[in-house]
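Take a look at the structure set out below.
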Amino acid sequence: MTILSTLTGIIGFGIGVPFGLFLGFYFFIYSKPKIIKEPIARSLYELDNTDLLNLLNDIPLWVKCPDYERVDWLNKFIADLWPYLEKATCASIRSTTEPMFEEYIGMFQIKAIGYEKLTLGTLPPEIYGLKIIETNENELVLEPAIRWAGNPNIILVVKLLSFRITIQIVDIQLLMTPRLTLKPLVPTLPCFANIMVSLLKRPEIDFGMNVLGGDVMSVPGLYHLVQRTIKIQVASLYLWPQSLDISILDPSTVAINKPVGILHVKVVRAHKLLKMDFLGTSDPYVKLSLSGEKFPAKKTTIKKRNLNPVWNEKFKLIVKDPSSQVLQLEVFDWDKVGGHDRLGMQFVPLKLLIANESKEFKLDLLKHTFIGDPTDKKQRGNIVIELMYAPFREENIKLDSPPGGLGSKESSFERLSEAEVLSGAGLLSVIVQGAEDVDGVRHNNPYAVVRFRGEKKKTKKLKKTRNPLWNEEFQFMLEEPPLNDMIRIQVNSRRKGIGFHSKECLGKLDINLTDVVHNGRINKKYHLLNSKNGKIHVEIKWTSTC
């Protein structure tokens, strides 16, 4: 039977192959080719509702939404750059994922995980619409609509016991609308320090996956499970308000120290000061300043003809870096004519202080900063001061990393009690960003004037512009929240020379600070009074120490 079945198979193969070849050749020669008709092109107004609905998904966003701009030039730029951008992106993927793979080595009998091949293919993504959003913050917000039908080839090899398992990802199709926030804007190229990426909605992702050469996505139910899992994982990491932060500039190159607290200084007294006057006395006063600050030094009153003066005077200084800043004390002898003679000086590093704890210092006065000078043996007396560093209250919004997030951030809110809001000393910061459509009758050289509690501060003057950008900050130290106060901001224009029309008011504004105290911050554009279309952009912050 075995020999008979073998002979039958050989005869069948010998007859079937020639017969199949002959039959195929016959149909190839004598069959008529199918005529392919040219597609019928019709105008949109000729289509019915069903045809129009089928076309909606293919219409680009810049047609459907006027807010989105057509960016063919950007797609051309990406296409030309893609061979290099693809390699850089693959290198970034390797550096990000390979440390994650190492965490699984040794688990579940896994001996090694690595890429056998990693390429994103030759087809670049396409941006079929771009929207730019204006905000009052120091940032630039972009929303590109991205579509990618790529031909990548990603092969991952997993060595499990003595088996070698290959996982291949192919034919990726991606549709997403991310929000790119460039912030903060800084005067250093490329003019923004970070990129924050977040997704406004879950992305649409489709791809093929081959495991050991077989298409596992064809397994019933598995395709939808994988799709749902990927969307959930991506959304948990980067769905707004969470974001992926990408640093562009070194923080040290763009660091702008913001106030973090207040240094309370009480100059108590001095003892056995040097005699500088002709009659054997001195007229001492003390100057106080913090290192790294450009603000004018604080001064005590002058104690006439007194070598053991008692002041008991209090001052407040703005602290930006308590770990490195130093309080400088200088005692001078006041002279009616000529310069004032320095009786001595001393320094106190703020890192010696404990937050919210008062500490008294009795300091021997020195001639200069070189403590080891052997020629400086003269006793210059001492000074007694009391210091307390009060850090500002933490912001109401804190950024915490959610579990499992990679560089993502999530906002959480803390409510402060009414008593905490309405008590305590603090710092009022007024940032005059710029103005729009300020039009003078005779000239346009605008500058802004800020008036608060009798103090008057000015921005720089910009010549020949109706849309000035100042971006200048003014600070006011207050003993209590400015609940019942108003702040006035006025935009003026001035030209050189003396005359009746050398100065002109372009508009003014009074702002009630109650909302600033309760909310901690306002940032908006206001219409200027006495101006036809003028607006001014102001940011005001209240930061207290309680």
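With hydrogens and angles ignored, the 3.5 Å screen pairs a side-chain donor or acceptor of Gln346 with a backbone N or O of Asp364. Between the side chain of Ser291 and the main chain of Val326, a donor-acceptor pair closer than 3.5 Å is present. The main-chain N or O of Glu436 is never found under 3.5 Å from a side-chain atom of Asn467 such that the two would form a donor-acceptor pair. Using modelled atom types, one side-chain atom of Asn445 and one backbone atom of Lys464 make a donor-acceptor pair closer than 3.5 Å. One N or O on the side chain of Thr459 and one on the backbone of Ala448 form a donor-acceptor pair closer than 3.5 Å. Judged by distance alone, the side chain of Gln325 and the main-chain N or O of Lys320 form a donor-acceptor pair under 3.5 Å. Looking only at distances, no side-chain donor or acceptor of Asn444 sits under 3.5 Å from a matching main-chain atom of Arg466. Between the side chain of Asn471 and the main chain of Gln433, no donor-acceptor pair closer than 3.5 Å is present. Here the side chain of Thr281 pairs no donor or acceptor atom with the backbone of Asn306 at under 3.5 angstrom. Side-chain atoms of Ser243 do not come within 3.5 Å of backbone N or O of Val197 as any donor-acceptor pair.
The CD1 atom of Ile133 sits 9.5 Å away from atom CD of Glu139, with the distance rounded to the nearest 0.5 Å. Of the inter-residue distances, the one linking Ile248 atom CD1 with Cys191 atom SG reads 12.5 Å to the nearest 0.5 angstrom. Rounding to the nearest 0.5 Å gives a distance of 11.0 Å between CD of Gln475 and CG of Leu478. To the nearest 0.5 Å, atoms CE (Met486) and CG (Asn512) are separated by 5.0 Å. Atom CD1 of residue Ile522 and atom NE2 of residue His518 lie 13.0 Å apart, to the nearest 0.5 angstrom. Once rounded to the nearest 0.5 Å, the distance linking CD1 of Ile511 with CD1 of Ile487 reads 7.0 Å.
Pairing each heavy atom of Ser544 with each of Trp542, the nearest pair is CB-NE1, 3.9 Å. Asp333 and Met276 make their closest contact through OD2-CB, 3.3 Å (heavy atoms, listed as atom of the first residue, atom of the second, distance). In terms of heavy-atom proximity, Ala390 sits nearest to Asn356 at CA-OD1, 3.6 Å. Heavy atoms only, all atoms of each residue included: Pro125 and Trp82 are closest at CD-CZ3, 3.5 Å. Considering all non-hydrogen atoms of both residues, Ser531 and Gly507 come closest at CB-CA, 4.4 Å. In this structure, Lys298 and Phe315 approach most closely via the heavy-atom pair CB-CD2, 3.8 Å.
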* Do Arg494 and Glu504 pass the salt bridge (charged side-chain N to carboxylate O under 4.0 Å, His left out) test, and can you show the C-alpha distance, the side-chain angles, and the key distance before you say yes or no? -> CA-CA 6 Å; Arg494 181 184 290 276; Glu504 184 179 349; over 6 Å; no

* **Criterion side-chain contact (heavy atoms from CB on, under 4.5 Å) on Val516 and Thr514, from CA distance to verdict** => CA-CA 5 Å; Val516 179; Thr514 302; over 6 Å; no

* To do: Evaluate side chain to side chain donor-acceptor pair (under 3.5 Å) for Ser323 paired with Asp321, printing each intermediate quantity in order.
  => CA-CA 5 Å; Ser323 63; Asp321 188 359; 2.6 Å; yes

* To do: Tell me, with the steps shown, if Leu327 and Leu329 meet side-chain contact (heavy atoms from CB on, under 4.5 Å).
  => CA-CA 7 Å; Leu327 173 66; Leu329 301 162; 4.2 Å; yes

* Stepwise side-chain contact (heavy atoms from CB on, under 4.5 Å) check, Lys535 with Asp437 -> CA-CA 7 Å; Lys535 297 179 182 179; Asp437 297 325; over 6 Å; no

* To do: Please report the C-alpha distance between Phe476 and Val430 in whole Å, then the side-chain angles of each, then the deciding distance to 0.1 Å, and finally whether the side-chain contact (heavy atoms from CB on, under 4.5 Å) criterion is met.
  => CA-CA 8 Å; Phe476 303 90; Val430 182; 4.0 Å; yes

* CA sep, side-chain torsions, deciding dist, call: Lys266, Glu313, salt bridge (charged side-chain N to carboxylate O under 4.0 Å, His left out) -> CA-CA 6 Å; Lys266 181 179 180 181; Glu313 297 181 18; over 6 Å; no

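A salt bridge between Lys131 and Glu69 is absent, with no side-chain N of the basic residue lying under 4.0 Å from a carboxylate O of the acidic one. Note on Glu539 versus Lys524: no salt bridge recorded, every NZ/NE/NH1/NH2 to OD/OE distance being 4.0 Å or above. Comment: Lys460 engages Glu472 in a salt bridge, judged by a side-chain N to carboxylate O separation of less than 4.0 angstrom. The pair Asp485-Arg453 counts as a salt bridge, with a side-chain nitrogen and a carboxylate oxygen less than 4.0 angstrom apart. Ion pair Arg521/Glu137 flagged as a salt bridge, since at least one NZ, NE, NH1 or NH2 atom sits closer than 4.0 Å to an Asp/Glu carboxylate oxygen. Looking at Arg488 and Asp510, a side-chain N of the basic residue comes within less than 4.0 Å of a carboxylate O on the acidic one, giving a salt bridge.
The closest side-chain heavy-atom distance from Val432 to Phe474 is below 4.5 Å. In this structure, Asn492 and Lys503 have side chains that are in contact, with non-hydrogen atoms separated by less than 4.5 Å. You'll find the side chain of Lys299 stays beyond 4.5 Å of the side chain of Phe332, heavy atoms only. Counting heavy atoms from C-beta on, the side chains of Ile536 and Val491 come closer than 4.5 Å. The closest side-chain heavy-atom distance from Ile302 to Pro284 is not below 4.5 Å. Counting only heavy atoms from C-beta outward, the side chains of Leu273 and Ser282 never approach each other to under 4.5 Å. Side-chain contact between Val268 and Val310 is absent, with no heavy-atom pair separated by less than 4.5 Å. Between Met477 and Leu427, the closest side-chain pair of non-hydrogen atoms falls below 4.5 Å.
Within 6.0 Å of CZ on Arg94 lie more than 12 heavy atoms contributed by other residues, nucleotides or ligands. Under a cut-off of 6.0 angstrom, the local environment of NZ in Lys508 is sparse, with at most 12 non-hydrogen atoms contributed by other residues, nucleotides or ligands. Within a 6.0 Å radius of CG in Asn312, more than 12 heavy atoms belonging to other residues, nucleotides or ligands are found. Within 6.0 Å of atom NZ in Lys461, more than 12 heavy atoms from other residues, nucleotides or ligands are found, so the atom counts as buried in its surroundings. In Glu134, the CD atom is not crowded: 12 or fewer heavy atoms of neighbouring residues, nucleotides or ligands sit closer than 6.0 Å. Residue Lys541 places its NZ atom among more than 12 non-hydrogen atoms of other residues, nucleotides or ligands, all under 6.0 Å distant.
Aromatic ring orientation, His340 versus Tyr285: perpendicular (interplanar angle above 60°, classes split at 30° and 60°).
Relative to the ring axis of Phe452, Lys457 does not place its NZ or CZ within 45° and under 6.0 Å from the centre.
No side-chain N or O of Glu293 forms a donor-acceptor pair with one of Ser289 less than 3.5 Å apart.
The side chain to side chain contact (heavy atoms under 4.5 Å, CB included) test with Val141 is passed by exactly one of Leu180, Thr181, Ile132: Thr181.
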